[in-house]
Amino acid sequence: MSRPSWDIFCKVVDNFGDIGVTWRLARQLVAEHGLQVRLWVDHLPSFVRLCPQAMANAPQQWHEGVQIRQWPEPWQPAQVAPVVIEAFGCKLPEAYVQAMAAQAQLSLWLNLDYLSAEPWVGGCHGLPSFSATGYRKFFFFPGFRPDTGGLLREQGLLARRDAFDEAARERFLRSLSVIRRPGALLVSLFAYENPSLPSWLGAMAAGPLPIQLLVPEGKALGDVNHWLGQPLAVGEQAERGRLHIQVLPFVPQQDYDRLLWACDFNAVRGEDSFVRAQWAGRPMLWHIYRQDEDVHLDKLEAFLELYSQCGLPVPAQAALLGLWRAWNRSLDMAAPWQQWLAHRETLVEHARQWCAEQAARLDLATALVKFHRNWL
Ligand code: TRH
């Protein structure tokens, strides 16, 4: 008997979040649930950044048991899978939807939505809508609350993180040519362009603590170079006051987890790195993806409401809120960073506690498999 197969469709809108999430999900469905998964991607070069052994021009290739297919334009007829995931409302090919509707046995059609901590998400999670063909499509929402689809978390992830000891940390950092500077706080910076960055860099340079800042090449590097007044390329380093800056290459997706585990503080962005930083169990700073009419700020506040209430004393909570709001509202970071440092120990403990609370929930891949089982 052949194993049940799932199709996941991904359109890369921009950046790496769409492919980052779907590639992670596809791998997990194969590795942990024994499923056959085809991942249709419209922009393979983005996939290659996360999975460097992949080819940017192959119509079909296999990686970690996942069949990666170039989403052809125009669409070529393909057999319909019993479970179809349309990631982030990417709109399935019309001919594929018609083929779904023409089958004797229905497929489960799911729209995997973006992550949000907003309370309305729980009320919409799992609800169906009807397409033009009369086919039901179910909305599947990731989230932090028990009434949502949860977060992507591989089996054994936290055990692997905990086994990443001092020696593994040193080895990993050396593989990136990073030599730890004694007593320095190790910080990673993955962000969009951000007008608050110069003030944060200035505060770190003038601050009470030596800071070693690791910047993977990408959008934030332009701002860093501008502040430095010199263009740093991958592997290059610079020092200003108590701040040491080093530019890293963009690492494969699995190594990015190690980078987060290796650092004492992680600035992350978007969706996938944001979730991974939470599983790192370390303090973090989220640069949320900007949306029209500032609706992202509602999402930010919804997350902060949950996150900052998880057992945090009021002064540490204020420090956390101050830093995150400054970063996402283009405000000066100097005072918020000092405040944050003053409550660092409490915030380190809080990050561990939040991670443990979220890890007690069902993970998203398992929730999807369960949803399918209940639907049958
Ligand atoms: O790249 P992003 O900004 O993606 C965004 C968001 O998902 C946003 O919500 C969405 O609307 C938009 O894309 C279209 O940030 P995100 O989600 O964190 O994805 C980054 C991925 O890149 C993640 O899987 C981690 C990975 N990564 C590496 O593999 N290596 C690296 O060196 C770095 C820095 C990241």
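Predicted model, so just to flag it, every value in this text is computed and none were measured. Read the numbers this way: they start at 1 and go in the same order the structure lists the ligands and their atoms.
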(request) Check L259, L189, L221 against L248 for a side-chain contact (heavy atoms from CB on, under 4.5 Å) and give me the one that passes. (result) L259

Out of all atoms in ligand 1, which are within 4.0 Å of some heavy atom of [X]? Include the element for each.
X	value
G20	24 (O)
Q253	24 (O), 29 (O)
Y192	2 (P), 3 (O), 5 (C), 6 (C)
Y114	10 (C), 11 (O)
E271	6 (C), 7 (O), 16 (P), 17 (O), 18 (O)

Give the residue, atom name and distance (to 0.1 Å) of the protein heavy atom nearest [atom].
atom	result
atom 6 (C) of ligand 1	G270 CA, 3.6 Å
atom 25 (C) of ligand 1	Y256 CD2, 3.8 Å
atom 21 (C) of ligand 1	F16 CB, 3.6 Å
atom 18 (O) of ligand 1	S273 OG, 2.5 Å
atom 7 (O) of ligand 1	G17 CA, 3.1 Å
atom 14 (C) of ligand 1	D14 OD1, 2.7 Å

(message) Using the rule ring pair (Phe, Tyr, Trp, His ring centres under 6.0 Å), only one of F140, F88, F141 pairs with Y114; which is it?
(response) F88

(request) Considering only NZ, NE, NH1 and NH2 on the basic side and carboxylate oxygens on the acidic side, decide whether D294 and R290 come within less than 4.0 Å. (result) yes

(message) Taking the basic N atoms (NZ, or NE/NH1/NH2) and the acidic carboxylate oxygens, is any pair closer than 4.0 Å for E86 and K137?
(response) yes

(request) Check the angle between the aromatic planes of F9 and W75 and answer parallel, tilted or perpendicular using the 30° and 60° thresholds. (result) tilted

(request) Over 60° means perpendicular and under 30° means parallel, so classify the ring planes of W324 and F303, tilted if in between. (result) parallel

(request) Pick, from L50, D272, I19, V251, the option with the minimum heavy-atom distance to atom 32 (O) of ligand 1. (result) V251

(message) Counting only heavy atoms, tell me which of R276, R269, Q291 gets closest to atom 15 (O) of ligand 1.
(response) R269

(message) Using ring centroids (six-membered ring only for Trp), state whether H43 and W71 fall under 6.0 Å.
(response) no

(message) Please report whether the ring centroid of F274 lies less than 6.0 Å from that of H287.
(response) no

(message) Applying a heavy-atom cut-off of 4.0 Å, say which part of F250 lies close to ligand 1: side chain, backbone, both or neither.
(response) both

(request) Would you mind telling me if ligand 1 is within reach of the side chain of Y289, the backbone, both or neither, using heavy atoms under 4.0 Å? (result) side chain

(request) May I ask whether G218 places a heavy atom under 4.0 Å from ligand 1? (result) no

(message) Check whether W279 forms a cation-pi arrangement with R153 (NZ or CZ under 6.0 Å from the six-membered ring centre, at most 45° off the ring normal).
(response) yes

(request) State whether a side-chain donor-acceptor pair under 3.5 Å links Q79 with Q103. (result) no

